[in-house]
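Written out below as structure tokens is the structure these notes cover.
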Protein chains: 2
Amino acid sequence: MSAAYSGTHKDYLKTIYLLTVDGGRAETGQIAEKLRVTPASVTDMIQRLASESPPLVDYQKYHGVTLTSEGEQVALQVLRHYRLLELFLHEILGYSWDKVHTEANRLEHAISEYFGERVAEVLGEPTRGLYGSPIPSKDLEMPHQNLVCLHDLRPGESGIMHSIWDEDPGLFRYLEKYGLKPGVKLSVLDYSPYDHNLHLQVEGQEKEVVLGASVTAQIFVEKE
Amino acid sequence: MSAAYSGTHKDYLKTIYLLTVDGGRAETGQIAEKLRVTPASVTDMIQRLASESPPLVDYQKYHGVTLTSEGEQVALQVLRHYRLLELFLHEILGYSWDKVHTEANRLEHAISEYFGERVAEVLGEPTRGLYGSPIPSKDLEMPHQNLVCLHDLRPGESGIMHSIWDEDPGLFRYLEKYGLKPGVKLSVLDYSPYDHNLHLQVEGQEKEVVLGASVTAQIFVEKE
DNA sequence: AATATATTTTAGCCTAATCTAAAATAATCT
DNA sequence: AGATTATTTTAGATTAGGCTAAAATATATT
Ligand SMILES: [Mn+2]
Ligand SMILES: [Mn+2]
Ligand SMILES: [Mn+2]
Ligand SMILES: [Mn+2]
């Protein structure tokens, strides 16, 4: 189906996907920051993405872009490769969490579809990757998930830790020290309305864990 | 040490290495054919390789190039990646022989040094790849080998099949039908001076195998 | 040795993807 | 509402790596 897009095209599309997955448009400046290029370069590129046939983005001057369905297909394919690679590097090649990102981000464009499917098979056709991130299926459907931000849970509610915003490895390591990693059950014991701190009971930990709003806002849980 | 050379640079250097490993110079037209670009493009590129600092090739106008030792280091690094990947794709991901080449040729530039070493470890630090091709060590030494062309063996002489010229998968499959694959012992029973045919005893085969000069010239054996 | 053929190099052009500086537009503040 | 600030777009330039056509050089043939 889809033509063979360049690695650069794919990086733009993946970035736009991640910026718009929760609704809204991806703005020039945001894309520029993520891809570490100048806004002028982004304007140039998104105009080219918009004038591909079929168009890959819907571009409104001065108001950023959204993906067309063609653009989304490409983005999901790259994202599938990316998340399969993350898992593969960690599980099969023994990469540590923090080394995974850079390598997967380079390899995601270099591997063939066939490579992707071979890796998927070796890994047992996973639907969740590192940090619990969802992996699009081979036919590019996102696995359904009933996620809620930990920040929004209140005493008495509980869930399974799922993933963290932006997949920040530094934050990930910090949370690991409190036993907080994907798959772990947690329940909210208390909430302080003044500082928005949450007091948590974390599976496998004796002491309760207290996290500030700037941290809980970054954590997604699958509500029970 | 070495700067970060582009994938294109590396493809040229690997190609030049393979064209000069048996001595002599790599000519513009040969490189152009292997890389499927025009001779004019090759001239342009080898002039740039020659004016890198340090220079990667020794260029003599109208008489092709040889690698400098810096160029050879880069070539060996790429070749190591390439041959590790070939083996990896076949052994770990279950690629068939003929699918391996294209993927490895793309991935050889995309993987990091770290990835290469992780793969090497998973494979058990191999020194020979598919078709018995030698894999440069981590510090870029080629494994010693006392190879001779099957074409030059005469009755009474014998050896272990090692590899085939140019790693042609079609020829490889043809030879497999006669039990001829890397690691198999063979001895020369007879030689016809008129057609240069060789009559071979191949380990594991009852009937003798007769091969023409155009085939025996492509086969390397480790002499006993 | 002269001519014909094959190979290589030069010259000029092209596209993708980036940049900087300046101009245009939108968003924010008073 | 008007002025200031922030963001985006345009214009023009650059670099890598390719191309074609023509010129230069080398190799082969008579
Ligand atoms: Mn707007
Ligand atoms: Mn990428
Ligand atoms: Mn010469
Ligand atoms: Mn290559």
Side-chain angles (χ1 to χ4, degrees), chain A residues 2-16 19-20 24-67 71 74-75 78 105-106 108-110, chain B residues 2-16 19-20 24-67 71 74-75 78 105-106 108-110:
Chain A
S2 49
Y5 300 106
S6 72
T8 307
H9 277 201
K10 292 180 192 169
D11 267 338
Y12 275 85
L13 294 169
K14 187 182 84 167
T15 301
I16 294 164
L19 286 170
T20 56
R25 310 183 68 80
E27 281 160 36
T28 303
Q30 296 178 300
I31 300 169
E33 193 184 342
K34 291 272 180 195
L35 292 176
R36 309 174 144 280
V37 296
T38 61
S41 301
V42 172
T43 299
D44 191 78
M45 178 57 90
I46 62 187
Q47 287 175 349
R48 278 186 283 151
L49 293 174
S51 52
E52 293 272 333
S53 42
L56 299 170
V57 299
D58 173 71
Y59 170 53
Q60 288 178 234
K61 237 188 207 185
Y62 290 100
H63 296 91
V65 290
T66 57
L67 292 177
V74 178
V78 183
N105 202 37
R106 203 158 7 84
E108 64 189 354
H109 317 294
Chain B
S2 48
Y5 299 106
S6 73
T8 307
H9 277 200
K10 292 180 193 168
D11 268 338
Y12 275 86
L13 294 170
K14 188 182 84 168
T15 300
I16 294 164
L19 287 170
T20 55
R25 309 183 69 80
E27 282 162 35
T28 304
Q30 297 178 299
I31 299 168
E33 194 185 342
K34 292 272 179 196
L35 292 176
R36 309 175 144 276
V37 294
T38 61
S41 301
V42 172
T43 298
D44 192 76
M45 179 57 90
I46 62 187
Q47 287 175 350
R48 278 186 281 152
L49 293 173
S51 53
E52 293 273 333
S53 42
L56 300 170
V57 299
D58 173 71
Y59 170 52
Q60 289 178 233
K61 236 189 207 184
Y62 290 101
H63 295 91
V65 289
T66 57
L67 293 176
V74 178
V78 183
N105 202 37
R106 202 158 7 83
E108 64 189 355
H109 317 293

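- Y12(B) is not listed as a side-chain neighbour of V74(B), based on a closest heavy-atom distance of 4.5 Å or more.
- Spacing between atom OH of Y62(B) and atom C1' of dA26(D) amounts to 8 Å, rounded to whole angstrom units.
- The stretch residues 25-39 of chain B comes close to DNA chain D through V37(B), T38(B), each having a heavy atom under 4.0 Å from the strand.
- A search for side-chain contact (heavy atoms from CB on, under 4.5 Å) contacts involving A26(B) returns I16(B), L19(B), T20(B), I31(B), V65(B), not counting sequence neighbours.
- With sequence neighbours excluded, no residue forms a side-chain contact (heavy atoms from CB on, under 4.5 Å) with E33(A).
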Please list each protein N or O that sits under 3.5 Å from an N or O in nucleotides 11-16 of chain D, with the distance.
none

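- In this structure, Y5(A) places its OH atom 19 Å from P of dT15(C), rounding to the nearest Å.
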Enumerate the protein-to-nucleotides 3-5 of chain D contacts in which both atoms are nitrogen or oxygen and the separation is below 3.5 Å.
none

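- Within the structure, the salt bridge (Lys or Arg N to Asp or Glu O under 4.0 Å) test picks out the following pairs touching residues 38-56 of chain A (sequence neighbours left out): D44(A)-R48(A).
- Where Y59(B) and K61(A) meet DNA chain C, the nucleotide closest to each residue was compared, and Y59(B) sits on the side nearer the 5' end.
- Minimum atom distance to the side chain of S41(B) is reached by dC19(D), of the listed dT9(C), dC19(D), dA27(C).
- Every residue two or more places apart in sequence or in another chain that forms a side-chain hydrogen bond (donor to acceptor under 3.5 Å, both in side chains) with T38(B) is listed here: S41(B).
- Remark: P of dT7(C) and NE2 of H63(B) are 14 Å apart, rounded to the nearest angstrom.
- Evaluation of the side-chain hydrogen bond (donor to acceptor under 3.5 Å, both in side chains) rule for Q47(B) yields Y59(B) as partners, not counting sequence neighbours.
- Judged as a side-chain contact (heavy atoms from CB on, under 4.5 Å), and not counting sequence neighbours, the contacts of D58(A) are R25(A), Q60(A), T66(A).
- Residues satisfying the side-chain contact (heavy atoms from CB on, under 4.5 Å) test with E27(A), not counting sequence neighbours, are Q30(A).
- In this structure, E52(A) atom CD and dA17(C) atom C1' are separated by 13 Å, rounded to whole Å.
- Contact between D11(B) and T15(B) at its shortest, heavy atoms only, is O-OG1, 2.8 Å.
- Remark: C1' of dT25(C) and CD of Q60(A) are 15 Å apart, rounded to the nearest angstrom.
- Judged as a side-chain hydrogen bond (donor to acceptor under 3.5 Å, both in side chains), and not counting sequence neighbours, H9(B) has no contacts.
- Under the rule for a salt bridge (Lys or Arg N to Asp or Glu O under 4.0 Å), K10(A) has no partner lying at least two apart in sequence or in another chain.
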